[in-house]
2 protein chains.
Amino acid sequence: MTKMSDVAALAGVSTATVSRVLRNPETVTETTKQKVLEAIEELNYQPNMLARHFRRSQTNTILVVVPNIINTVFAEIVGGIEEEASKNGYRVLLRNSNNQIDREYGSIEHMKQRQVDGMIMLSPRLDEEILQDISEKYPIVLATAHLDETKIPVVSIDNVSSSKKATEHLIRLGHRRIAHITGQLDSMISRYRFKGYREAMKENGIDYDTQLIREGEFTFESGYEQMMNLLDQKFPPTALFAASDEMAMGAINAAKSRGVNVPEDLAVVGFDNIRFSSVFDPPLTTIAQPKFGMGEKAMELLMKKFNGEPVEQTEHILPDELIIRDSCGARLKEKLIRT
Amino acid sequence: MTKMSDVAALAGVSTATVSRVLRNPETVTETTKQKVLEAIEELNYQPNMLARHFRRSQTNTILVVVPNIINTVFAEIVGGIEEEASKNGYRVLLRNSNNQIDREYGSIEHMKQRQVDGMIMLSPRLDEEILQDISEKYPIVLATAHLDETKIPVVSIDNVSSSKKATEHLIRLGHRRIAHITGQLDSMISRYRFKGYREAMKENGIDYDTQLIREGEFTFESGYEQMMNLLDQKFPPTALFAASDEMAMGAINAAKSRGVNVPEDLAVVGFDNIRFSSVFDPPLTTIAQPKFGMGEKAMELLMKKFNGEPVEQTEHILPDELIIRDSCGARLKEKLIRT
DNA sequence: ACACTGTTTGTAATCGATTACATTGAAATG
DNA sequence: CATTTCAATGTAATCGATTACAAACAGTGT
């Protein structure tokens, strides 16, 4: 491995000058710069990054903590982060937390040891206070999260209003017995989506039946199971708002297995607009989160923190969108009206 | 930040001893070890990893280069890699190549600069010779790849025999006009899957119609489009083997849109067994790759390289499995026979 | 008591880039 | 021409852990 002193020797300058050519070219005359550049070329020199990182105690690496990379929602967000990071010369270290709090802790230790310059946590489980403490000393950004009163930058969509929008869409289609399958209720996101549902119902003067609320786990299987429960009830729902597309798909399959037609007998709206929602039969009506964009935005905010720029607002709400496909019956209705 | 010399001072020993307690505890007497450990505890000392990495020129980090993390197949493999890596105290740096060769090059530069201890490439695009060169100097493992004659460890399934198995399944169900939608044919994997198809046809005495071979891009959209083409032909196929589940789904949707029933009018077999295949309507018959396991295996092999253990075989073929669901019509047939 | 062996600990060099501070030299000014 | 100023470059310390080598020490056998 050629090192800086080799370059310096060949170019007939000191290592300080070589270093300057590399990092502050404007402080060096054109002629010496050329000499050094030629020597670098000649020797095929590559700076030892480990030495640089050590000396500057900076790694140009960020840590992304994901509950589970296998989940397509997180994978897309990570895609956005990686894209934006590599634009800025940063590298992305990936860590699956598997929703375990101690793994999240471990990741924070990692940052405390300065092994990374900052971190982005997706759907953190850690207490708000703990996160707050860390954020005072280290650059951290959260995504798909919501904290009540805090200075930590958060990138998210408005889960309450979007869920409200989804539920209202079903109400507008004439439904009153609207079921809701939530995600794990120990997660903020699930509670916010549930809240949006309640608000929509209330504002439209509908007393919702608590029997129609079921807690799932954001998976197909849980959606399937909970829908089976709902269909077993004396007065089954005529519509469903599921807190994730996966659960919506599971629920629809449960309905199909019972001969219940979607959307004719059961209108369904999901959440996330995952890649497969448009291909599913029937294509899902759902709330689209700008997943890739959220990743990019999170990384942007982290870059601001790195550069010492102020991050004006702490909460960055990106726009969501209700995507109407077939599972809610709106298109079917339109067609019927037209004919 | 407390450093090693602080600990040494408090414990009344030299830094060398502190370092030994941390890395070679067996060379230190029990009593001094205790003193040092107490001092570490007292000061809440954490070794500076950047200094350690620099000094040892080792990073405990590996690089994983993925064509696209958004693709669920790769996401699952990365999940397996991450799992196994963190068991071994290694960290995973993620890089999306977006199938661009120059990005793959860049990642190799990264390793040459010793910023990572080794790398795993998924579905590399780079030339075999280049990879071979690199492998002689740096620890590298490939996954979902196949190289003809090389010393680079590769983790994969047998794409030829599995595709043959998939095609034979369709033949056994009585089909002769079996179409095949390939992936991009500049990718080895696509060519191997195509080869498996040809072998199955040939061995069963069927001259396949080149009109029934269409090149897709591993996406829904391409599957949809190519199926439309197939359906437009004078003698459309009665069965389809698609080189990926995504394309199979696209194709099935194309068929549905034309009123062609799957599996009654068109039997379909896919490839990959992605998470959504079982939920699709109809559930896909497909070849299951042990995705998570492939990731784990790849990391295991890399660990062997790190430890200087010999990697006996270069090609590690993991078992695949034909998962029979509804899209191929086998179940339907059984049912008909029984009744 | 002495030499010898082996274990434990300490001293100080080392990894390679960065940078505070010192030096050189050339241009500018009176 | 002497002096000041400033830009360009060099010298050497520095970051913190690791480790080759040296030293100290305890135990063993004669």
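Convention: sequence-line order gives letters A, B, ...; per-chain numbering from 1. Basis for what follows: all heavy atoms, side chains included, without hydrogens, waters or symmetry-related copies.
Among the protein residues, A/Ser19 comes within range of the nucleic acid bases, having at least one heavy atom under 4.0 Å from a base atom. At a threshold of 4.0 angstrom between heavy atoms, the contacts of B/Arg55 include nucleobase atoms, whether or not backbone atoms are also involved. As judged by a 4.0 angstrom heavy-atom cut-off over every strand, B/Val18 is placed among residues making no nucleic acid contact. As judged by a 4.0 angstrom heavy-atom cut-off over every strand, A/Val13 is placed among residues touching the sugar-phosphate backbone only. Heavy atoms of A/Thr32 sit under 4.0 angstrom from primed sugar atoms or phosphate atoms, though from no base atom.
Using modelled atom types and a 3.5 Å distance limit, the side chains of A/Thr144 and A/Ser123 yield a donor-acceptor pair. A donor-acceptor contact closer than 3.5 angstrom is absent between the side chains of A/Asn44 and A/Gln46. Side chains of A/Gln34 and A/Glu38: no donor on one and acceptor on the other come within 3.5 Å.
Side-chain contact between B/Thr2 and B/Val7 is absent, with no heavy-atom pair separated by less than 4.5 Å. Within the 4.5 Å cutoff, the side chain of B/Thr72 has no heavy atoms near those of the B/Arg275 side chain.
Regarding contacts with the backbone of C/dT7, every side-chain N or O of B/Thr29 stays at 4.0 angstrom or more from both OP1 and OP2.
Map A/Tyr45 and B/Glu26 each onto its nearest nucleotide of DNA chain C; the residue landing nearer the 5' end is B/Glu26. Comparing A/Leu22 and B/Phe54 against DNA chain C, the residue whose closest nucleotide sits nearer the 5' end is B/Phe54.
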When you compare the protein's N or O atoms with those of nucleotides 21-28 of chain C, which come within less than 3.5 Å of each other, and at what distance?
none

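For residues 47-104 of chain B, the set of pairs meeting the ring pair (Phe, Tyr, Trp, His ring centres under 6.0 Å) definition, not counting sequence neighbours, comprises A/Phe54-B/Phe54, B/Tyr90-B/Phe306.
For A/Glu104 (side chain) and A/Arg125 (main-chain N/O), a donor-acceptor pair under 3.5 Å exists by modelled atom type. Judged purely by atom type and a 3.5 angstrom limit, A/Asn71 uses its side chain to pair as donor or acceptor with the backbone of A/Val73.
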Self-check item: Residues B/Phe292, B/Glu84; criterion side chain to side chain contact (heavy atoms under 4.5 Å, CB included); working and verdict
Solution: CA-CA 10 Å; B/Phe292 198 87; B/Glu84 184 69 17; over 6 Å; no
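Scanning DNA chain D 5' to 3' for nucleotides with an atom closer than 4.0 angstrom to a non-hydrogen atom of chain B gives a first and last hit of D/dG16 to D/dT19.
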